[in-house]
Each structure stands twice: as structure tokens, then as C-alpha cells.
Protein chains: 2
Amino acid sequence: MSEKDNTVNIASEKNRYHHGDLRSALVEEGLKLIDTAPVDALSLREIARRAGVSATAVYRHFPDKAALLGALCLEGHARMAKAFEAAMASASPGVEAFNAMGRAYVTFALAHPSLFRLMMAQPDGPVPVPPPSAGGGGSDGMQILVNAIDGLFGPDAPVHVREAGRLRAWSLVHGLAMLMLDGQVPAEPALIDAVVDASVL
Amino acid sequence: MSEKDNTVNIASEKNRYHHGDLRSALVEEGLKLIDTAPVDALSLREIARRAGVSATAVYRHFPDKAALLGALCLEGHARMAKAFEAAMASASPGVEAFNAMGRAYVTFALAHPSLFRLMMAQPDGPVPVPPPSAGGGGSDGMQILVNAIDGLFGPDAPVHVREAGRLRAWSLVHGLAMLMLDGQVPAEPALIDAVVDASVL
DNA sequence: TCGGACATGTTACTGGTGTAAACATTATTC
DNA sequence: GAATAATGTTTACACCAGTAACATGTCCGA
């Protein structure tokens, strides 16, 4: 107990050999960096530098760079889930909730371009919308999104119809987000609306 | 004339100081490499190595790496245009042609993952579907694609409706392609059909 | 035909990266 | 309190993009 507290206090001092909670610090710095730079400009050494630690210290907490990026992804998914819940909260159920979700998806991507790219490039990581035939619950609180989508088709719709609809909805917002991130389509709210607010899926 | 021919002949010999047509050779090797490796594993030096030339020789033909990648993109767009034309040729006009186009888009992405990514990450390069409010002709023979899409809405549809439809169509296929490339959705033909063949846009 | 100008190649070097190995220091545990 | 494990550091290597200086070949005009 007191030893734990002592450790934390020591950890808050400067110029010590042991950092205290380097792993968290690395993730923190990584998240700060990734929000202000393209993905490929995110270097292990830079993160270590910002955490005030030698480059190779990272390897005491992550087997390689990909593992650190994986940790960033995890935090990214948590943030995305929050954004989704917020969007859900301020929309009445049904089509409106569905549209709010789509807007939240694109908005999140535009707000955190590199993080979003990283999250999507991680095939093993948790996924915002479980793909068809993926069975049960998605990541975090994302099941609510699936419910919103499925709600559009009614509970009596065949499974393959709901699954196809889910995939189409995901493809639609994901494609728009990507095109805007890559600068192929201007990131104008009106265009987001034009894609998301369509009455028919 | 004969001097030209002579140059070409000399260029076909080995172990000469001057390559003959290094620029084309670099693009060629780059295209070969990019079809068998992820984008970020594509190094200037490796391309030069395969072309049998020193690393810095590249800089006599391209100001930097991005320029070489840009040249690869150009060839990529040409190939994509060919794929589109082929898809168009073997489909009757109307909805069927439109669907064939969508399938061709996703299929091309899956066949050339890194090249496709590169093409889409090039905001200044030619674009398969001109974005709304982009005015006139797109790249290469892509206008035919726009026509196919616009045909779905009839010639009397308001401009903003056709533009929105175009954007939705592009987002849909692009999103599906990206999700499959990133491994978020299994690259199964049935899923492509499920997304592309939907009767309503 | 000779000789310079130019194009196109080379080597040497800088500063950046990810990562492995050996060593140093601190924390923990018997 | 000493052995051990955890956590950092230094050093080193291989690779990368890009610059500068130099080498070699081609071409054009006297």
C-alpha cells in the first residue's frame, strides 16, 4: 500500500532511472503524436524521445512497433465507441439514429485521420461493425450500432437481408470517410449529409 | 534515325554505363514490386537494385520518391480504365452496366491492393469518378463510368440528385474495396454481389 | 573530326529509422 | 541483506531517402 504510493511519488520526480509507468506514457505520447501527423511519420524513436526515454526502452513494454500501434488502436476504438454513444444519445431511435451514427463515423474519421486509418489497417483489432457472418457482439459498445442498423430492416427481415444492409451501410460511410481522408472528395458537411441522409439504403 | 536505332541497340546490351531507358525500367520494376508487396515496403533503393542501377540514379529521372510513385499511379489509372472499359463492354447499358462497373472497381482493388491504395492516396492524381462539383471530364476513359451512373437517374433528374448519387455509388464501392483490402471484411465474391447488386442506390 | 556541353550514371556521406545484444540500475522477494 | 527479476541505457547493425562531388558516355557545333 504505502510502498505502492511511494512508487508513484518517486515516479513523479524527474531524472530517475525507472520511469514509473512508461507503458502508459508511451501510449499517451503516441496518441498525441498521431493526431498531428500522418501515420508513416509516427516513429518509435520520436515517441520514446517525447516520453524522455531511450529509443530501445520501448521494447521492454512492446515486442515491436506494431504492438505499440496496436495499443493506440485500442484506445482509438474506445474513443470511437464514445463518439457513437454520444451520437446515439442525441437522436431518436429509427432512421434518425442510423443517420446520426453514419455522420458520427465520418466525423470521427475526419477528426482523427491517422488514428482512424491505423484502426482500420489492423485486421485483427476490434471492428466497429462486425462483418456479416461474424456472429455475436462487436467491440466495446458497438452492438448498439448494429442494433440501429438492424432496426431499419425490421425484426422480421431475413438474416441475409439484414447482414447485407449492414455491410452496405458500413461500406457507404467507410468509403466516404476514406475518400475524404485521401482528399479525393472535399470534406464538406453538405456532402456527408448527401450520402448519409439518403432515405433508401 | 539510324542513330536512334543504334542507341536502342546499344541500350539492349548489358553492363553499359548508360542504361538506355532507365525511367521506363524503373516504373516497370516499381509496378512489378508493388503488386507483390505492401506499399510501405516499396523502397526506392530496391527498385533501383532490380533495375540493376545505383540507388541515386533514380534522382536523374524523378525529383524524389513521391514522383516515382506518382508515375506508378499514372500507369495504375490506365490499367483501371482498361478494366472499366472491359466491364462496360460485356454488359448491357443501364443498371447492369452500373453494377458491372462497381464489381470492376472492387475487383481491381483486390487484384492490385498496393497500387490501388497508392492511387487513392494521391489527392492530385486523376480520379476514377470526378467528385460532385468537379465539373467536366474525369481521367482517361472514366467519363463512361460517370455516364453509366448518371444514366441510372435519367437525364431529367436534377443535377444535385445525380451528383449525390454519384458520390454515394463511389463511396459504396470504395468503402467495400477498402474494408476488404484491410481485412475487415472477407474478400468473398458473394459479399461483393450483396453490396453491388442492390436494386436501389 | 575534334572538343566542349550536357545528360546520365557512380561513389561517399548525412541523418533518419526499427531492432538485437550486452550492460546498468532499480525493485522485489526469499 | 543478497539473489533475482524488471526496466532502462549504450552500442551496433542494416536499411532507408536524399545531397554533393565525381565519372562516363552522348551529342552538337566549330
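Just so we're clear, the structure is a prediction, and the values are computed from it rather than from any experiment. The figures that follow rest on heavy atoms only: side chains count, while hydrogens, waters and symmetry mates do not. Below, read A as the first sequence line, B as the second, and so on, with proteins coming before strands; counting in each chain starts at 1.
- For B/H77 and B/F84, the ring centers are positioned 6.0 Å apart or more.
- Side-chain atoms of A/V53 lie closest to D/dG8 of the nucleotides C/dG9, D/dA17, D/dG8.
- Between B/L44 and B/F62 there is no side-chain heavy-atom pair separated by less than 4.5 Å.
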> Can you check side-chain contact (heavy atoms from CB on, under 4.5 Å) on B/V106 and B/M180, steps first, answer last?
Replying inline: CA-CA 9 Å; B/V106 179; B/M180 286 181 165; 4.2 Å; yes

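- Note: CG (B/L33) to P (D/dC16) measures 11 Å, nearest angstrom.
- Considering only heavy atoms from C-beta on, A/L118 stays 4.5 Å or farther from A/S114 through its side chain.
- Nearest-nucleotide positions on DNA chain C place B/L22 closer to the 5' end than the other of A/R60 and B/L22.
- Atom CG in A/D40 sits about 13 Å away from atom C1' in D/dC16, given to the nearest Å.
- Looking at B/F116 and B/H174, their side chains come closer than 4.5 Å, going by heavy atoms from C-beta outward.
- Residue A/L26 contributes atom CG, which lies 12 Å from atom P of D/dT7 at whole-angstrom precision.
- Annotation: proximity of residues 61-70 of chain A to DNA chain C (heavy atom, distance under 4.0 Å) is found for A/D64, A/K65, numbered in ascending order.
- Look at OH on A/Y59: it is 17 Å from P on C/dA22, rounded to the nearest Å.
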May I have the list of side-chain donor-acceptor pairs in residues 23-36 of chain B shorter than 3.5 Å, sequence neighbours left out?
unit_1 : atom_1 : unit_2 : atom_2 : d
B/S24  : OG     : B/D21  : OD1    : 3.1
B/S24  : OG     : B/D21  : OD2    : 2.7
B/E29  : OE2    : B/K32  : NZ     : 3.3
B/D35  : OD1    : B/H112 : ND1    : 3.3
B/D35  : OD2    : B/H112 : ND1    : 3.2
B/T36  : OG1    : B/L33  : O      : 3.1

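- Within the 4.5 Å cutoff, side-chain heavy atoms of B/R117 are placed close to those of B/L181.
- Remark: P of D/dC16 and CD of B/E46 are 7 Å apart, rounded to the nearest angstrom.
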Taking only nitrogen or oxygen atoms into account, show me every contact under 3.5 Å that the protein makes with nucleotides 10-15 of chain D, one pair per line with its distance.
unit_1 : atom_1 : unit_2 : atom_2 : d
D/dT10 : O4     : A/T56  : OG1    : 2.6

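- In this entry the distance linking CG of B/L44 with P of D/dT19 reads 11 Å, nearest Å.
- The shortest distance between side-chain heavy atoms of A/D182 and B/M119 does not fall below 4.5 Å.
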